Structures are given as structure tokens and as C-alpha cells.
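First the structure, in the form of C-alpha cells, and then the observations on it.
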Amino acid sequence: MNNLYAAFRAAFPSDLSRTCLETDKGRAVTYAEIEEQSGRVAALLAKLGVKAGERVTVQVDKSPEALFLYLGCLRAGVIYMPLNSGYTASELDYFLSDAKPALVVSTRKALEEMTVLAAKAGCKIVLTLDADGHGTLTDQAQSVAPLTGIAETKADDVAAMLYTSGTTGRSKGAMLTHRSLIANAETLVQAWGFSEDDVLLHTLPIFHVHGLFVAFGCALLSRAKMLFHPAFDADKALAAMERATVFMGVPTYYTRLLASPALTKDKVAKVRLFVSGSAPLLAETFSAFHRRTGHHILERYGMTETGMNTSNPLDGERRLGTVGFPLPGVELRVADDDGCAVPQGETGIIEVRGDNVLKGYWNNPEKTAAAFRPDGFFITGDVARIDKDGYVVIVGRASDMIISGGYNVYPKEIEAVIDTLPGVGESAVIGVPHPDFGEGVVAVIRTLPDKGHPSEAEIVATLKGQLAGYKVPKKLIFVEDLPRNAMGKVVKAELRKANAALFK
Ligand code: MCA
Ligand code: AMP
């Protein structure tokens, strides 16, 4: 089976009138509806002239219709390219001009702005889709007869493209094939024991790997029912938890659940599995969650480029501070700078190889070549060691990337905006421990003497105009000098240490 949708459809129950997902408003979406509506989207794409291998760029809110769109693209063999709904016009401008989509789907509110940006990137068709499922996409899809088949894609064809940044600023489109997405989802269904008796509480955004390929993929491949929430809200999640058997989230979800007195053993009596990932789970969260609920959260590790690489075991010890073992089908080594495995227990960079790994970066053979070793291992940039029992322990990152509430933040992007402001000499953006987001973004700004500089509020306003909200520093610190090493380079480690208690 070479098309991800074909793999999903093969797992559908024989009775298509069964509920596949239920929204927080009580709307039930059946497998028959999934089949029909994704078929309508696929037929509409053909009618609009969007061909296999072309990109459909999507910046919409979470809804069942957004899933129909994703599945319709798979069925048509068209590349699905979801974008974080928080991205601003200047961020979108880059993604569109790089990806050159044949079709863009946006909210009605963003239509005017998106039409201009799309046209600039050579794309003439912009359709709309709102959180309530309405929009020109839905209207037009209802006017065509649904496609009943599935495009004959090859395993190596790109199913989705997700943008992700390296250390050096500009995002790159990670091309994920049908084969990688099928392989990784099938592995996770096995590893985590998913079955049609499961009820997955789905509160993650669906523009990233975690919510789209891991959570949704596991549910569709196993016929598990989904309780589908538009976003994570601790109170609403807890109210729904009584009916769930599996929950997945980033560490912030767990700290927010713990902050509520409503999280009790009784509340989670039906849950068999809690999964965490996308950012390090703190030991105190793991332990507090166990004390409160009796559950050891299962921590796993992955990346946009690779899907999931390692997982703590479903049965067996889920070891605190580790991300478990390489998943079946994933070869993993901890290597030195030359790509040679270091002895067990020593620290190096995680490299992985397997069907799960991306095909390459869109339109970027140099970055693709630099990301792989000659023997096909992909260099993740995550610093780790393997403990004596084989558990992988992540100890850091090769880049100074920050992970805030499960979203990656690249300091360079923020520094580039701040450094252009009057009266600013230079800025250094760092991540420091934050009780809610895991890491909180902080900008340390060296101001120029006697020049005057914009106020904190003005700088924040400028940043918000250009960057998604989660990237905007939670705190700005003005200094006369930044700590430097002998080469004159700012020593961020020192800044992180000095500000470690900022949010405590
Ligand atoms: C929202 N805000 C944030 C974040 N999210 N600030 C810092 N970090 C964040 N993550 C800001 C907004 O800009 C806004 O700022 C204010 O918080 C309120 O926004 P709202 O949307 O209401 O926030 P929220 O609902 O509290 O959202 C926090 C959240 C959300 C629930 C933790 O960020 C979230 O769902 N994160 C999950 C991310 C995720 O799925 N990651 C997986 C990536 P202002 O008020 O100033 O405007 S996939 C991945 O990493 C790999 C493959 C893997 O291993 O999974
Ligand atoms: P992204 O580029 O959004 O896919 O983020 C992937 C990065 O998130 C990885 O390279 C890791 O640095 C980090 N990550 C994901 N899961 C974990 C985890 N369980 N523990 C620590 N870091 C993680």
C-alpha cells in the first residue's frame, strides 16, 4: 500500500456508519463522512487543476473539515503543507514564495492578505475554511461528485511538507513521503498498543507532526475513536478525560493538567496511556503526575524530519529523564562529529536511519546533503547518550534552539528583528526555565549609550507584527554589555545561567 490514505482506508471498519471522531460540541463524524468528504476535496483539487506533486498550503484552524482537506490531498497525491495558524504575513511570505503552492487555503479573516501573498508566489487560487467548517473550500467541494478512488502514488512520493528551521535562520520544507508516514504510524500503533477499543483525546494542533501524524495517524490506523478538541484547554480536557483511554501532549499540557485540582485518579480511571513529547518532560512533572494519577507518563522523542525515533516501553520500565529505546525500524547511533558511534555511555549527536526519515529538504540539495551521512544516517543535532540499559538520554541540543510549550523558537529570527531597532547594539535571545512553557523566551538587549531605544512595549509590538506570538520574548532585559568569549562571541550559556530563576 503506497498511499497513506489507502493505509487508513484499509483500517476503516466494515461498518462505515461508525463514529471516527466526536468534536467537543458533540458533533459525530463517521468513517463514511471521512470517505465522502475527503473524496470531494480530492475531486475539487482535480477540477481546479491541482496536480499530483503540487503543493497545497494550508493555514486554518483545527476542525474536522481541515482533516478532510488533509486526507483529500493524500487521496489526490497532492502535497499537503500545513502552517502554524499563528504565522504573520512576513513569515507566510517566505513559506509561500519558497513552496510555490498551486492552491492556498486560509481563514476568511486572512483571505485578503493571503490573496496578495499567494499572487506574489504565483498562486492564483485561494480558498477559505473557517473553524466552523464553512468557507469556499467546503462550498465548492459540495458541488463536485466525490472521487471514489485513491491516487496511485509511489511509496517515495511526497505526502506532506512541513517547514522546520535549522540553526541558521530560514526554514526548510521537510519532504515526508507516504512510505515514511505509513511506516512511522504503523510502528507507533504496535508500540503503544492502539486498538479499536481506544478513545484518543486529541487536543494538539494539527499543523505539526505530533497532532497530525502521530496522534491522528495512530487513531485512524487502529480505528480508535477520537475526542477532537479545537485546542488544548486543561478544564475541557479534564472533563473529556473520563471517556478517554489515551492522551497525548507536550509537557506544558501535563503541567497545566497538574495545576488543576480536578486531575484525580478517578478522573483518569479509564485512561491506559499518557504520552508526552516534542520537548523534555521535567522529572518533577513525571513524578508529580505519577503521585496524582498512578500513571508513569510515556515519554518519546521525535522530530519533524524523522517522525518518532524512540519511545519508552508500553510494558516495562518508563525511565525518568530518558526517551526510551529506538523504535522498531529506526536505527539510532550516538555519534561524534565524524558520524562514528561513540562508546555506550558517552555523549554525542543522535543520528537515525530508517523508513521514517525525510526524503530531503524542498528545493535545497545542499542542506539535504549536509543533513545526511554518506551511509544514509540523518544528523538530528540532538545531544544524547545511551545509558547502560540502552535507554536514550537527551542532554541538550547542538543548536541554541528554544522549545517553548512544544514550539521551536530560533533565536536568530528574533535577534534579527531586534537588532534593526534604533538604539540597539545587539541582542541575544535565550531560553530559560519556565513553569508553564518549559522554556521561556528572553531577549537580552545591549543598548547603545546615549542613543535612546524603543521601550519594552514598543519592541514587543514590533516583534508581534512580524513573528508568531509564541516566538515573542516573555521578558526583555536591557544591558550595557553582553558576556563574550575570547573570540568576541556572546556566551549565551552565561546569560542562561544568570537568568535561570527569572520565571521562578
Ligand atoms: C501560545 N503562546 C505561547 C505558546 N503558545 N507562548 C509561548 N510558547 C507557546 N507554546 C502565547 C500566544 O502567542 C499568546 O500570546 C498567548 O500565549 C495565548 O495564546 P493561546 O493560543 O491562547 O495559548 P495557549 O492556548 O495557552 O497555548 C499554549 C499551548 C500551545 C497549549 C501550550 O502552544 C500548544 O498547543 N502547543 C503544542 C505545540 C505542539 O503541538 N508541538 C508539537 C510540534 P499573547 O497573549 O502575547 O498574544 S511537533 C514536534 O515538535 C516533534 C515532531 C515532536 O517530537 O512531537
Ligand atoms: P521539531 O523541529 O519541531 O520537529 O522539533 C524536534 C525537536 O524537539 C527535536 O530535535 C528535539 O530537540 C526536541 N524533542 C522532541 N521530543 C523530545 C523529548 N521527548 N525530549 C527532548 N527533546 C525532544
Side-chain angles (χ1 to χ4, degrees), residues 61-62 82 84-88 162-167 171-172 174 176 184 188 202-216 229-234 236-237 248-257 275-282 285-286 297-312 318 321-324 349-350 352 356 358 378-384 392-410 431 434 436-442 457 460-461 463-465 467-475 503:
D61 295 315
K62 186 175 173 184
N84 192 313
S85 50
Y87 287 147
T88 62
L162 272 71
Y163 274 78
T164 176
S165 296
T167 42
S171 279
K172 309 175 290 286
L176 307 172
N184 209 231
L188 295 176
H202 192 304
T203 64
L204 286 154
I206 54 169
F207 41 69
H208 278 310
V209 166
H210 199 161
L212 189 61
F213 304 136
V214 179
F216 185 56
H229 287 201
F232 176 77
D233 174 287
K236 289 183 182 151
M248 277 182 205
V250 299
T252 298
Y253 292 10
Y254 289 100
T255 45
R256 289 190 184 182
L257 290 174
V275 181
S276 173
S278 307
L281 182 70
L282 293 182
T285 311
F286 181 89
I297 299 170
L298 180 152
E299 185 170 9
R300 56 54 175 186
Y301 153 71
M303 209 180 168
T304 300
E305 285 93 329
T306 64
M308 299 303 102
N309 293 315
T310 73
S311 173
N312 268 284
R318 297 180 195 160
T322 82
V323 292
I349 302 277
I350 297 179
V352 292
N356 57 310
L358 82 162
F378 173 78
I379 309 163
T380 66
D382 290 309
V383 183
V392 177
V393 183
I394 297 182
V395 296
R397 285 163 224 140
S399 74
D400 61 0
M401 176 183 93
I402 300 162
I403 307 184
S404 170
Y407 287 142
N408 293 359
V409 179
Y410 293 88
H434 189 285
D436 186 29
F437 293 121
E439 287 185 289
V441 179
V442 174
V460 165
L463 288 166
K464 279 195 173 168
L467 301 172
Y470 66 87
K471 299 178 186 174
V472 177
K474 303 287 179 223
K475 181 101 191 122
F503 296 117

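Atoms within each ligand, like the ligands themselves, are counted from 1 in listed order. Because the structure is a prediction, the values reported are computed rather than measured. Below, all heavy atoms of this structure are taken into account, side chains as well, without hydrogens, waters or symmetry copies.
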task: Compute the minimum heavy-atom distance from Thr380 to ligand 2 and say whether it is under 4.0 Å.
output: no
message: I'd like to know if Asn408 contacts ligand 2, where contact means a heavy-atom distance under 4.0 Å to any ligand atom.
response: yes
Could you tell me the separation between the [atom1] atom of [X] and the [atom2] atom of [Y], rounded to the nearest 0.5 Å?
X      : Y      : atom1 : atom2 : result
Asn408 : Tyr410 : CG    : OH    : 4.0 Å
Thr164 : Glu305 : OG1   : CD    : 4.5 Å
Ile403 : Ser278 : CD1   : OG    : 7.5 Å
His229 : His202 : NE2   : NE2   : 11.0 Å

One residue to check: [X]. Relative to ligand 2, which of side chain, backbone, both or neither has a non-hydrogen atom less than 4.0 Å away?
X      : result
Thr164 : side chain
Ser278 : backbone
Glu305 : neither

Taking the side chain as every heavy atom from C-beta outward, state whether [X] and [Y] have any atom pair closer than 4.5 Å.
X      : Y      : result
Phe213 : Leu176 : yes
Thr306 : Phe378 : yes
Arg318 : Arg300 : no
Ile350 : Asn309 : no

query: With a 6.0 Å cut-off on ring centres, are Tyr407 and His208 close enough?
result: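 Judged by ring-centre distance (under 6.0 Å), Tyr407 and His208 do meet the cut-off.
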query: Which residues pass the side-chain contact (heavy atoms from CB on, under 4.5 Å) test with Glu299, sequence neighbours left out?
result: Leu281, Asn312, Val323
Minimum-distance protein heavy atom relative to [atom]:
atom                    : value
atom 21 (C) of ligand 2 : Pro280 N, 3.5 Å
atom 12 (O) of ligand 2 : Asp382 OD1, 2.6 Å
atom 13 (C) of ligand 2 : Ile403 CD1, 3.5 Å

Going by the closest heavy atom to [atom], which one wins out of [options]?
atom                    : options                        : value
atom 17 (C) of ligand 2 : Gly307, Gly321, Gly396, Ala279 : Ala279
atom 7 (C) of ligand 2  : Gly302, Ser276, Pro251         : Gly302
atom 20 (N) of ligand 2 : Glu299, His208, Met401, Arg300 : Glu299

query: Side chains of Tyr163 and Asn84: do they bring a donor and an acceptor to under 3.5 Å?
result: no
message: Distance under 4.0 Å, heavy atoms only, partner ligand 1: which residues pass?
response: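 Residue list for ligand 1: Leu204, Pro205, His208, Val209, His210, Val250, Thr252, Tyr253, Arg256, Ser278, Arg300, Gly302, Met303, Thr304, Met308, Ser404, Gly405, Gly406, Tyr407, Phe437, Lys464, Gly469, Tyr470, Lys474.
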statement: ligand 2 atoms nearer than 4.0 angstrom to some heavy atom of Arg397 are 12 (O)
message: List ligand 2 atoms under 4.0 Å from Thr304, heavy atoms only on the residue side.
response: 1 (P), 2 (O), 3 (O), 4 (O)
task: Describe, in one word, how the ring planes of Tyr253 and Phe232 are oriented to each other, choosing from parallel (under 30°), tilted (30 to 60°) and perpendicular (over 60°).
output: parallel
